[in-house]
Structure formats: C-alpha cells, structure tokens
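What you see is a predicted model, and the numbers here were worked out from it, not measured in a lab. Each chain gets a letter, A, B and so on, in the order its sequence line appears, and its residues count up from 1.
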Protein chains: 2
Amino acid sequence: MSETATGHTRGGDTRARIQQVALGLFAEQGYERTSLREIAERLGVTKAALYYHFKSKEDIVFSFTEDYFSEFDEMIAWAREQPPGPASRYAIVERYLDIVERGSEVFRFLERNQATMRGIDGGKHRFEQFRPRFAALIDVMIGPDADLRTRVRATMALLTVNFGWIFFSRDDPDLVPDPLDPAELRAVVLEIANSLANP
Amino acid sequence: MSETATGHTRGGDTRARIQQVALGLFAEQGYERTSLREIAERLGVTKAALYYHFKSKEDIVFSFTEDYFSEFDEMIAWAREQPPGPASRYAIVERYLDIVERGSEVFRFLERNQATMRGIDGGKHRFEQFRPRFAALIDVMIGPDADLRTRVRATMALLTVNFGWIFFSRDDPDLVPDPLDPAELRAVVLEIANSLANP
DNA sequence: GTCTATAGACGGATAGAC
DNA sequence: GTCTATCCGTCTATAGAC
C-alpha cells in the first residue's frame with residue numbers, strides 16, 4: 001500500500017512529501033504519538049529512508065517551521081516601518097491573516113503541540129518561537145506602554161485571526177455545522193479583528 | 001530531595017499530591033514528555049507507588065479533568081435555563097470566567113496538549129471533551145441558527161476569557177512585562193468579552 | 001536513495017516482599 | 001502504601017549492503 005495522500009506514487013520530491021505527511025500526522029495525533037515508522041509506512045518507504053533526508057525527527061519539524069517563521073519575521077519588520085495609526089493596524093491584521101491562511105497547517109501543528117514543543121532542543125526554544133513573535137507584533141501595533149485594556153484588545157484581534165481561521169475554515173464539525181464560504185469568513189474575521197484593534 | 005511544590009513533606013493526601021505534580025508537569029513539559037518516573041521522583045516515591053493510587057497514566061489525567069468537566073456541564077445546564085438576551089449572555093460570560101479562573105491549570109494543560117489528548121482512549125475521545133462543550137455553550141448563547149458573524153463574535157467572547165486569563169494572569173513574560181492586578185484583568189476581560197457577545 | 005538489521009535507551013505496567 | 005526487581009514493548013538512530 002504505497003499510495004500517498006497526494007495521490008502520486010513516485011517522481012515527486014520525496015523530501016517534500018515527508019514534510020507534508022509528517023506535518024499532517026503531527027498536527028492530528030501529536031508529535032510524540034507519531035512515530036517515524038508510521039510516517040514511513042504512509043509513504044511506502046522505511047524509517048531509514050527518512051534519515052537520508054532528515055538528520056532527526058526534530059529536524060523534520062524544524063524544516064517545515066522555518067519558512068513559516070521567516071515569513072512572520074519579515075512581516076514584523078515590515079510592520080515596524082508603518083506609521084502608527086488605525087490604518088496601519090488594519091493593514092497589519094490583514095497581512096497577518098494572509099500568513100495564517102497560507103501556513104494554517106503549520107499553525108495548527110504549533111497550536112496543538114505547544115507543551116511538547118516547549119523546551120525541545122534542550123531549552124534553546126528553537127520551536128517555541130511563536131509566542132515571542134506574537135508578542136512583538138502586538139508591541140508594534142500598540143506600542144510598549146499601552147494600558148492593559150488596549151493590550152488585551154490587540155491580543156484578541158490577532159487571536160480572532162488565528163482561531164477564526166482555524167476553528168471555522170475546516171475540520172471542526174462541532175463549531176461549524178454547515179460548509180462555509182471562505183470569502184465570507186475572511187470578511188467577518190477582518191471586521192471583528194479590526195473592531196478590536198481600532199475601537 | 002523529597003520536598004514538594006506545596007511544601008509539606010508527608011501527611012497530606014498522597015493521591016492529591018500526585019494529581020497536583022502530574023498536572024503541573026503535564027502542562028509545562030507535555031503529557032508524553034513527562035514520565036511516571038519523573039513524577040514519582042518529585043514526590044520522593046517510586047513509580048510503583050503511583051500504581052497503587054491510579055491504574056494507569058491516562059487515569060491520572062482522567063481524575064483531574066472530570067471535576068472540571070462536571071462543573072462545565074452544570075454550567076451549560078444552568079445557561080440553558082436562562083432567558084435569551086444580553087443580560088443572560090453577560091451572566092454566562094461571567095460564570096464562564098469563574099470556571100476558567102478556578103480550573104486555570106487544567107485549562108492550560110488541555111490547551112497545550114490538544115494533539116496528544118485527541119484520540120486517546122482508543123478514539124472514544126474521553127479527554128477531547130472541551131471542544132464539544134465549548135460549542136454547546138456558544139449554541140446556548142446565540143441559538144443554533146445564528147449567522148457566521150454572530151457565531152464568530154460569541155466564540156471570541158469566550159476565547160477572550162480563556163486567553164485573557166491564561167496569557168495575562170501569570171506565566172507569560174513575553175506578553176505581560178509588569179506584574180498585574182487580578183481585579184483589573186478581570187474587569188478588562190469581562191468588558192471586552194461582553195462587547196463581543198453583546199455588540 | 002532505499003533497504004535490512006540491530007543497537008541502545010526508555011517507557012508503562014506488574015509481581016510479590018515488607 | 002510503598003518498595004525492589006523485572007518484563008516487554010516501542011522508539012530514535014545508526015551501520016552497512018545494494
């Protein structure tokens with residue numbers, strides 16, 4: 001049974017297929033509960049083959065998170081250059097949504113494996129890098145000396161993007177009974193996030 | 001070194017101490033990355049002793065989540081009896097905050113171990129029970145046929161309680177630089193949550 | 001690039017003495 | 001109620017053939 005999730009049997013970049021399958025399983029079942037054997041089986045190869053492409057299990061995680069974090073960093077740098085004000089805050093929220101949208105699977109993985117990823121890599125926190133970036137982005141939006149109320153509002157504005165997208169855009173039959181229009185969701189999320197960031 | 005987090009060396013209910021220590025470690029390092037050996041060491045006992053009080057590792061989790069879920073269920077039943085309207089929505093948010101406040105450590109654990117807890121217990125989802133309850137509470141607040149905008153707003157109202165409390169009430173030096181007044185946080189969270197639930 | 005085979009460690013869980 | 005000792009399974013990772 002060497003059929004893969006993406007349908008092809010051979011020819012595609014193996015490294016990328018490993019990343020895809022691993023990310024999916026890590027997000028669904030958890031990093032620790034997913035063995036390399038299981039990943040290999042899904043791809044129709046053996047564990048040893050994985051070690052040709054990645055030097056460790058952690059390295060697989062590192063490979064698919066680094067792009068995501070790079071994008072995040074570029075975005076923060078860009079945000080710092082914007083003039084303070086409501087228009088910039090809206091633009092930041094909108095661009096943040098773009099990132100979450102494109103990296104939604106990575107985000108789901110990070111969200112669901114927080115405890116596991118903390119303190120991995122011997123405390124260097126190579127993977128628990130979401131929070132500091134998130135905090136930095138909030139500081140850019142409201143300045144370092146904003147009061148608690150403003151800070152919580154800004155935090156919830158960004159979390160509306162995260163959870164609005166993750167909860168409602170796909171897999172959650174509990175929360176979203178009917179299939180739903182992505183464009184409508186996007187509009188709703190942006191409106192609510194903006195009302196929090198620009199009261 | 002048999003000193004415990006709570007300070008006493010002996011005499012207290014061992015079962016409860018196991019729960020406390022396990023919950024703390026599970027929340028901090030993750031369920032899978034915390035071994036029974038480590039829990040036992042912190043308590044100054046051996047692994048075997050834990051098996052006198054709990055029949056398995058999963059059983060420890062079950063023991064400290066069931067109270068939390070019971071409280072949640074009572075709260076949902078109570079909410080169903082309230083007359084629909086803004087005042088009830090506010091009351092629901094307020095009572096929800098009480099639960100999150102008291103069970104904040106359990107909540108942190110669930111939040112950070114989502115992927116691991118999914119599909120534990122062989123797919124019976126004994127532990128992945130937060131989402132369905134969360135969804136039920138939202139339905140009570142806005143009714144089953146509310147539009148997407150109303151639904152996302154209600155969702156974010158409750159998440160403001162969750163994250164407002166978890167992010168800002170303690171351990172997050174990234175997000176909250178200065179020590180902060182719990183009463184003020186409570187007021188801010190309630191105000192923002194209410195503005196989302198009752199626009 | 002992928003395989004077989006295996007090393008080496010550690011985990012959860014149990015038996016039975018005290 | 002807690003201990004010592006141990007079983008057995010699984011996992012990550014590596015060595016070396018093809």
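- Across all strands shown, B:Ser35 has heavy atoms under 4.0 Å from sugar-phosphate atoms exclusively, and none from any base.
- Of the listed nucleotides (D:dG1, C:dT4, D:dC3), D:dC3 has the atom at the smallest distance from the side chain of B:Thr46.
- Atom CG in A:Leu43 sits about 15 Å away from atom P in C:dG1, given to the nearest Å.
- Counting only residues at least two apart or in different chains, side-chain hydrogen bond (donor to acceptor under 3.5 Å, both in side chains) contacts with residues 78-92 of chain A comprise A:Arg89-A:Asn198.
- Among the candidates B:Glu28, B:Gln29, B:Lys57, the single residue satisfying the side chain to side chain donor-acceptor pair (under 3.5 Å) test with B:Thr34 is B:Gln29.
- To the nearest angstrom, P of D:dA15 lies 17 Å from OH of A:Tyr52.
- Bending across the helix from C:dG1-D:dC18 to C:dC18-D:dG1, expressed as the angle between its end axes from five pairs apiece, amounts to 10° (10° rounding).
- To the nearest angstrom, C1' of D:dT2 lies 15 Å from CZ of B:Phe54.
- Classification of the B:Phe109-B:Phe26 ring pair by plane angle, with boundaries at 30° and 60°, yields tilted.
- Aromatic ring centres of A:Phe107 and A:Phe130 lie closer together than 6.0 Å.
- Rounding to whole angstrom units, CZ of residue B:Arg37 and P of D:dC3 are separated by 15 Å.
- Rounded to an integer number of Å, the gap from CZ of B:Arg15 to P of D:dT2 is 13 Å.
- The nearest whole Å value for the distance from the CD atom in A:Glu38 to the P atom in D:dG9 is 19 Å.
- Note: CZ (B:Arg17) to C1' (D:dG1) measures 13 Å, nearest angstrom.
- Residues B:Met141 and B:Ala197 approach most closely at CE-CB, 3.9 Å, considering heavy atoms.
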Exercise. What string of B, S and - do you get for nucleotides 13-18 of chain C, 5' to 3', if B is base contact, S is sugar-phosphate-only contact and - is no contact with any protein heavy atom under 4.0 Å?
Worked result: BBB---
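- A straight line from CG of B:Leu50 to P of D:dC3 spans 9 Å, rounded to a whole angstrom.
- A search for salt bridge (Lys or Arg N to Asp or Glu O under 4.0 Å) contacts involving A:Asp98 returns A:Arg186, not counting sequence neighbours.
- Judged by the 6.0 Å distance and 45° axis criteria, A:Lys55 is not positioned over the aromatic ring of A:Phe62.
- The side-chain hydrogen bond (donor to acceptor under 3.5 Å, both in side chains) pairs that include a residue from residues 152-166 of chain A are A:Tyr96-A:Asn162, where partners are two or more places apart or lie in different chains.
- Partners of A:Tyr68 according to the side-chain hydrogen bond (donor to acceptor under 3.5 Å, both in side chains) rule, which considers only residues two or more places apart in sequence or in another chain, do not exist here.
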